[in-house]
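Working notes, beginning with the structure itself.
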Amino acid sequence: MDFSAFNAAEQAHMTKVIEKKQMQDFMRMYSSLVERCFTSCCNDFTSKALSSKEEQCMMNCADKFLKHSERVGARFAEQNAEAMNAAAQK
């Protein structure tokens, strides 16, 4: 987004708003990851430590979740670039 039409104070404010939104989105994604993987993988509560099976499940779950998020982000960026190109050609 182009903030060049804003003065310095407005630019700083918009930057802070965007950074706050990005942090909220990251925390939402992280919380979703933790909840999904914990629910799927942690079944034995007789020990404080994870079993090797639970630990492997957590690693696989987190890896899949992060790869999925990365792929969705890449597709979003591609579609955004296409939309920007289409708007520029009009």
Taking it one step at a time, do Arg28 and Ser31 satisfy side-chain contact (heavy atoms from CB on, under 4.5 Å)?
-> CA-CA 5 Å; Arg28 190 176 302 113; Ser31 293; 5.9 Å; no
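In this structure, cysteines Cys41 and Cys61 have SG atoms that are not closer than 2.5 angstrom.
Remark: side-chain polar atoms of Gln11 are paired, donor with acceptor, to backbone N or O of Phe6 under 3.5 angstrom.
Within 6.0 Å of atom CE in Met59, 12 or fewer heavy atoms from other residues, nucleotides or ligands are found, so the atom counts as exposed in its surroundings. Within a 6.0 Å radius of CD in Glu70, other residues, nucleotides and ligands contribute 12 heavy atoms or fewer.
Asn85 and Gln89 share no side-chain donor-acceptor pair at under 3.5 Å.
Atoms CZ and OG, on Phe26 and Ser69 in that order, are 10.5 Å from each other to the nearest 0.5 Å. Glu55 CD to Ser52 OG: the interatomic distance, rounded to the nearest 0.5 Å, is 8.0 Å.
Here the side chains of Met58 and Cys42 are in contact, with some heavy-atom distance below 4.5 Å. Taking 4.5 Å as the limit, every side-chain heavy atom of Ser32 sits out of range of all side-chain heavy atoms of Met29.
Sorted by first and then second residue, the side-chain hydrogen bond (donor to acceptor under 3.5 Å, both in side chains) pairs involving residues 35-44 (not counting sequence neighbours) are Asp44-Thr46.
When the salt bridge (Lys or Arg N to Asp or Glu O under 4.0 Å) test is applied to Lys21, the partners found at least two apart in sequence or on another chain are Asp25.
The pair Arg75-Glu78 meets the salt-bridge criterion, with a side-chain N (NZ, NE, NH1 or NH2) lying under 4.0 Å from an Asp/Glu carboxylate O.
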